[in-house]
Q: 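Okay, handing you the structure first.
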Amino acid sequence: MHTTEPVAYDPQAVEARWQRAWAERGTNHVDLANGERPFYALMMFPYPSAEGLHVGNLFAFTGSDISARYHRLLGHTVFQPLGYDAFGIHSENYALKIGAHPMELTPKNVGNFQRQLERAGLMVDWRYKVDTSQRDYYRWTQWVFLQLHKQGLAYKKAAAVNWCPSCKTVLANEQVEGGACERCGTVVEQRFLEQWFFRIGQYAERLLTNLDTLDWSEVTKSAQRNWIGRSEGAEVSFRVDARDAQVRVFTTRPDTIFGATYLVLAPEHPLVDVLTTPDRVSAVRAYQERTTKQDLVSRKSVTEKTGEFTGSWAINPATGARVPIWIADYVLMQYGTGAIMAVPGHDERDFEFAEVLGAQFASQCGLSREAVIKRVVAGGDADANTPLEAAFTDDAAAHLVNSGAFDGTPVADAKAKVTEWLRAGGHAEPVVNFRLHDWCVSRQRYWGPPIPIVYCDTCGTVPVPEEQLPVELPHIADFKPDDSGVSPLARHAEWYNVPCPTCGGNARRETDVSDTFLDSAWYFLRYPNARREDVAFDAGITQRWLPVDSYIGGNEHAVLHLLYSRFVTMALKDGGHLDFEEPFTRFRAHGLIIRDGAKMSKTKGNVINPDEYVNEWGADSFRMYLMFLGPYQEGGDFRSQGISGVRRFLDRLWAAVRDADREGTPDADVMRKLHQTIRKVGEDTGALAYNTAIAAMMEYMNVLRRAERTVHVDEVAPLVQLVAPYAPHLAEECWEQLGHTGSVFDAGWPAWDAALMVEDTVEVAVQVQGKTRGRVQVAADATQEDVVRAALDDPTIAKFVTGEPKKVIYVKGRLLNLVV
RNA sequence: GCCCGGAUGGCGAAACCGGUAGACGCGGGGGCCUUAAAAGCCCCUUCCCGCAAGGGGGUGCGGGUUCGAGUCCCGCUCCGGGCACCA
């Protein structure tokens with residue numbers, strides 16, 4: 001005879017078994033039409049890279065999954081879908097690099113992701129998977145484009161793009177580093193192409209003010225506010241001297257208009273040709289050509305100021321003085337009116353310009369330094385005549401000088417007063433400007449949804465009728481971009497030549513595809529409708545499930561993806577397709593997993609392959625370890641040795657359930673700790689404070705198994721429910737061991753009983769003069785007098801109490817402070 | 001430059017509303033069990049002085065408020081992120 005070894009926890013077996021069971025029983029399937037208390041838990045879908053799932057992905061998904069499972073245990077019907085952001089320049093570039101075709105490569109990558117994700121044990125209803133590169137998805141992306149077009153929110157205009165002459169391709173701004181192509185280092189040029197834009201600028205104010213109503217991570221909201229960049233000011237008209245023309249400028253400092261000593265136009269400003277005098281034409285033209293050649297990134301970076309005088313003069317409406325009109329590349333056509341009034345005395349850029357080009361101001365305009373750099377604001381020791389060594393921009397407690405009737409007005413009041421005065425004279429209007437510019441959705445690429453527009457010789461620009469969607473992306477072998485500046489699709493006449501949908505005459509398709517960010521700007525609407533072939537989204541289902549209750553994702557998408565999604569939702573609401581305008585009620589940004597203090601990247605060679613860890617420790621341990629690293633919303637440093645602590649905890653839980661005693665009664669002290677733990681774990685899990693929830697469970701385990709005591713079944717069963725969101729496979733197995741036949745995820749969340757939580761004695765810290773000198777054990781209901789007596793009875797404390805206590809501060813059950 | 005975060009032991013980190021700083025885990029030390037090892041279990045582990053009892057210091061830096069400050073206020077330093085020739 002030999003004793004049978006107790007069965008040890010074998011994560012591989014347990015996980016395989018439950019993944020099979022979940023699939024067979026449909027545990028993760030959601031009844032979208034009937035479920036009670038619907039809860040839409042969304043996580044940012046991944047781009048299916050060839051490298052496979054990254055720990056960062058798994059960290060993000062696990063955090064979302066825990067929240068989703070917790071809500072299910074609380075009794076919600078939880079819909080947690082997942083899919084793939086499979087279109088886009090990343091996939092296309094990678095395909096080009098390895099010489100594969102994205103249409104074949106993408107499904108392979110998706111398959112690999114799918115396999116890895118299924119091992120992670122996410123509570124995803126895979127029947128509602130989306131893949132943005134599939135025709136049954138991008139058909140509706142094109143539909144979204146058409147709705148925006150119908151509402152007048154899509155328009156076409158010529159705009160500058162970055163062009164790499166070596167790669168022969170259009171580059172995104174992020175792909176330009178210091179004026180050069182990030183991949184080959186060639187100097188990037190500007191090209192002007194006709195492109196499609198969405199009028200997101202029209203929604204700037206709404207996108208900004210709605211932020212106050214959203215329950216989002218503060219970092220994310222602040223990033224959006226910066227990006228939208230609202231600024232209040234005025235548009236001021238300057239009449240051009242001796243000509244029938246005027247220059248409109250935008251300024252946030254109308255109060256400094258008495259110090260506006262010259263104007264500057266962007267080199268591409270349409271008035272430049274009109275204003276340039278014959279003697280200045282060659283210099284101005286040369287300067288314009290130079291700036292056009294510059295790439296967009298270095299154009300916007302700070303370099304030494306340059307510019308040219310146009311030969312024309314304008315009249316300052318406040319002073320009546322003649323001021324010269326210049327052009328300079330530090331003024332951007334895209335912002336404001338593309339022209340500024342320069343106040344060198346009180347603007348650092350204008351000051352630098354006036355200093356650097358001082359010689360030209362003297363020789364070409366006949367203006368001395370003092371005439372150009374004029375003080376109109378003074379503060380501190382300075383007065384109207386104090387010379388300016390630098391631009392004076394400290395407006396606090398400053399007032400206007402050399403400003404006629406406004407002398408002495410505090411800067412704080414002057415803005416409104418001067419604007420009103422200018423407005424009354426017909427020279428200015430108060431305006432609000434936004435930095436947010438319209439969204440360019442055209443991509444001169446292959447791997448995206450063709451923009452559903454046709455150009456007809458007779459009818460002009462014609463949207464493709466909705467019933468003719470999708471405009472299918474053809475399988476072409478030569479999808480590589482070339483130096484034509486148009487999409488590879490433009491090489492395929494057999495594809496782009498079509499009859500006009502309106503008149504049947506000769507027409508050509510738009511050959512650009514749309515931006516990947518459009519694919520992801522509406523995917524949350526598609527998930528609950530992923531099986532519908534007749535509509536993009538159904539009104540009833542959408543009303544039932546949206547807006548999204550909880551959205552979790554990385555803050556790298558704080559601006560583009562989240563802002564575009566909000567814009568598209570607003571636009572669809574205005575078009576009558578939705579009855580809400582904010583898609584994500586609650587958004588939380590998760591942190592980043594770093595390693596050895598550095599971001600994980602292939603070049604650093606510090607990338608973690610999740611498969612290795614799942615094989616060695618099991619998915620449950622790996623999930624739980626990722627959550628234990630640090631606060632979820634801050635991320636943490638991955639140390640491979642740390643995982644053993646979490647695994648040890650799960651081993652002990654396994655053993656506790658296996659050996660649990662069904663006879664007898666649970667221990668009162670243990671049960672007290674249990675109820676405290678239930679409360680703590682629930683509060684922390686709801687707040688995404690996963691690291692401290694896990695710590696609380698570990699702490700309970702230390703009590704439960706202290707000195708290898710035998711555990712009673714009632715002491716351990718609720719812990720199985722608490723751990724379920726974190727280690728779902730193990731929890732199911734333990735739940736079954738405890739004699740249940742249904743899933744633990746249908747068992748509910750245990751309730752805590754405040755009466756069972758109270759301690760009968762408490763430890764009170766005793767301070768003398770605010771310094772902790774000892775602690776005393778007292779009954780939980782002890783009065784202040786009881787505690788003082790107990791403290792003074794303790795000689796180690798009493799020796800610090802010299803004389804009669806003057807003041808006694810008692811914080812019930814926690815602390816006593818004696819002041820002598 | 002402006003706007004958001006953050007800085008706590010050897011390490012990852014905790015600390016509700018201003019109330020015992022360092023929970024939980026890693027690492028380290030010691031013990032029990034074992035022929036031995038592994039595993040498991042128990043104890044210790046903020047720093048300095050001390051054999052100990054005990055004492056003193058301590059949450060990036062400098063001030064302040066308070067009986068009491070990691071937490072609040074003022075002034076900085078450094079790190080991470082966003083915006084930025086945006087008028």
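Just the heavy atoms: all of them, side chains too, but no hydrogens, waters or symmetry mates, feed the values below. The chains referred to below are lettered A, B, ... by the order of the sequence lines, with proteins before strands, and numbering in each begins at 1. Only a predicted model underlies this, so the values are computations on that prediction, with no experimental measurement involved.
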Q: Between P on B:G5 and CZ on A:R588, what's the gap in Å once rounded to a whole number?
A: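 One finds 14 Å between P of B:G5 and CZ of A:R588, rounded.
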Q: With A:R586, which residues qualify under side-chain hydrogen bond (donor to acceptor under 3.5 Å, both in side chains), at least two apart?
A: none
Q: Which value, in whole Å, describes the distance between the C1' atoms of nucleotides B:A69 and B:C74?
A: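 15 Å, rounded to whole Å.
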Q: May I ask you to decide whether A:D651 forms a salt bridge with A:R648, counting only side-chain N to carboxylate O separations under 4.0 Å?
A: no
Q: Atom pairs under 3.5 Å, N or O on each side, protein against nucleotides 41-45 of chain B: can you list them with distances?
A:
unit_1	atom_1	unit_2	atom_2	d
B:C41	OP1	A:R652	NH1	2.9
B:C42	OP1	A:A707	N	3.1

Q: I'd like to check the salt bridge (charged side-chain N to carboxylate O under 4.0 Å, His left out) partners of A:E355; sequence neighbours left out, ordered by chain and number.
A: A:R369
Q: What integer number of Å spans the P atoms of B:C3 and B:G70?
A: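 Straight-line distance between the two P atoms is 28 Å.
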Q: Whether A:T220 contacts B:G5 is assessed here as follows: a side-chain N or O lying under 4.0 Å from the phosphate OP1 or OP2. Is that the case?
A: no
Q: Check for me whether the distance between the ring centres of A:Y613 and A:F638 falls short of 6.0 Å.
A: yes
Q: Roughly how many Å is it from CD in A:E348 to P in B:G1, rounded to a whole number?
A: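 That distance rounds to 10 Å.
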Q: Using side-chain contact (heavy atoms from CB on, under 4.5 Å) as the criterion, list what pairs up with A:T251, not counting sequence neighbours.
A: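 Scan of A:T251 (side-chain contact (heavy atoms from CB on, under 4.5 Å), adjacent residues dropped) gives A:V236, A:R253, A:P254, A:M341.
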Q: Between A:F197 and A:W439, is the gap from one ring center to the other below 6.0 Å?
A: no
Q: Nucleotide by nucleotide, 5' to 3', does protein get under 4.0 Å of the base (B), only the sugar-phosphate (S), or neither (-) in nucleotides 65-83 of chain B, counting heavy atoms?
A: --B--------------BS
Q: If we take the P atom in both B:C42 and B:C33, what is their distance in whole Å?
A: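 15 Å, rounded to whole Å.
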Q: Please report the distance separating the C1' of B:C85 from the corresponding atom of B:G81, rounded so that it comes out in whole Å.
A: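 So the two C1' atoms sit 22 Å from each other.
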Q: Please tell me which of the listed nucleotides, B:C24, B:A13, B:G56, lies nearest to the side chain of A:P631?
A: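 Out of B:C24, B:A13, B:G56, the nucleotide with an atom closest to A:P631's side chain is B:A13.
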Q: Does A:P725 reach the side chain of A:Y690, with side-chain heavy atoms less than 4.5 Å apart?
A: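 They are not in contact (no side-chain heavy atoms under 4.5 Å apart), so the answer is no.
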Q: Which one is paired to B:A52, where only Watson-Crick or G-U wobble pairs with both distances under 3.5 angstrom count?
A: none
Q: B:G25 and B:C79: how far apart are their P atoms, nearest whole angstrom?
A: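 Taking atom P in both B:G25 and B:C79, they lie 34 Å apart.
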Q: Give a yes or no on whether a donor-acceptor pair under 3.5 Å exists between the nucleobase atoms of B:U20, that is its base, and the side chain of A:R775.
A: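 Looking at the base of B:U20, it does pair with a donor or acceptor on the side chain of A:R775 (distance under 3.5 Å).
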Q: For A:R647 and B:G40, give me the distance from atom CZ to atom P, rounded to whole Å.
A: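 It is 10 Å, rounded to the nearest whole Å.
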Q: Figure out the CZ/P separation between A:F649 and B:G12, and round it to whole Å.
A: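 That distance rounds to 23 Å.
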Q: When the P atoms of B:C61 and B:C11 are considered, how many whole Å apart are they?
A: 15 Å
Q: For the C1' atoms, the ones on B:G18 and on B:U66, what distance do you get once it is rounded to whole angstrom?
A: 9 Å
Q: Between A:E232 and A:K415, does any NZ, NE, NH1 or NH2 come within less than 4.0 Å of an OD or OE carboxylate oxygen?
A: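 Looking at A:E232 together with A:K415, the answer is no, because their closest N to O distance does not fall below 4.0 Å.
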Q: Using the P atom in both, what is the distance from B:G60 to B:A14, to the nearest Å?
A: 14 Å
Q: Which residues pass the side-chain hydrogen bond (donor to acceptor under 3.5 Å, both in side chains) test with A:E616, sequence neighbours left out?
A: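 If we apply the side-chain hydrogen bond (donor to acceptor under 3.5 Å, both in side chains) test to A:E616, skipping adjacent residues, there are no hits.
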Q: Round to a whole Å and report the spacing from CE of A:M624 to C1' of B:C26.
A: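 In whole Å, B:C26 C1' lies 16 Å from A:M624 CE.
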Q: In this structure, how many angstroms lie between the P atom of B:A14 and the OH atom of A:Y632, rounded?
A: 16 Å
Q: What is the nucleic acid contact for A:T303, judged by heavy atoms within less than 4.0 Å: base, sugar-phosphate only, or nothing?
A: base
Q: For A:R435, check salt bridge (charged side-chain N to carboxylate O under 4.0 Å, His left out) against everything at least two apart and list the hits.
A: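 So A:R435 forms no salt bridge (charged side-chain N to carboxylate O under 4.0 Å, His left out) with any residue.
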Q: Measure from CZ on A:F351 to C1' on B:C85 and round the result to the nearest Å.
A: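 After rounding, the gap between these two atoms is 16 Å.
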Q: One thing to verify: whether A:D667 and A:R672 come together as a salt bridge, which I'm taking to mean a side-chain N less than 4.0 angstrom from a carboxylate O.
A: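 No salt bridge links A:R672 with A:D667.
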Q: Does anything in residues 684-694 of chain A reach RNA chain B, meaning a heavy atom under 4.0 Å, and if so which residues?
A: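 Per residue number, the list reads A:N691, A:T692.
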Q: Calculate the interatomic distance between A:L562 atom CG and B:C4 atom P; express it in whole Å.
A: 20 Å
Q: Look at the side chain of A:K305 and the base of B:C85, then say whether one donor and one acceptor between them are separated by less than 3.5 Å.
A: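 In this structure, the two groups form a donor-acceptor pair.
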Q: Report all interatomic pairs (protein N or O, nucleotide N or O of nucleotides 6-9 of chain B) with separations under 3.5 Å.
A:
none

Q: Report the residues that fulfil side-chain hydrogen bond (donor to acceptor under 3.5 Å, both in side chains) with A:T692, sequence neighbours left out, ordered by chain and then residue number.
A: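 Testing A:T692 for side-chain hydrogen bond (donor to acceptor under 3.5 Å, both in side chains), a comparison that skips the adjacent residues, returns A:D684.
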Q: Would you please say whether a donor-acceptor pair under 3.5 Å links the side chains of A:T62 and A:Y726?
A: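 Judged by distance alone, the side chains do not pair up.
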Q: What side-chain donor-acceptor pairs closer than 3.5 Å can you find for residues 809-820 of chain A, not counting sequence neighbours?
A:
unit_1	atom_1	unit_2	atom_2	d
A:Y810	OH	A:G813	N	3.1
A:K812	NZ	A:A780	O	3.1
A:N817	OD1	A:G770	N	3.1

Q: Is the shortest distance from a Lys or Arg side-chain nitrogen in A:D215 or A:R588 to a carboxylate oxygen in the other one below 4.0 Å?
A: yes
Q: Who pairs with A:T252 by side-chain hydrogen bond (donor to acceptor under 3.5 Å, both in side chains), at least two apart in sequence or on another chain?
A: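 Result, side-chain hydrogen bond (donor to acceptor under 3.5 Å, both in side chains) vs A:T252: none returned.
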Q: B:G19 phosphate, OP1 or OP2: any side-chain N/O from A:R814 under 4.0 angstrom?
A: no
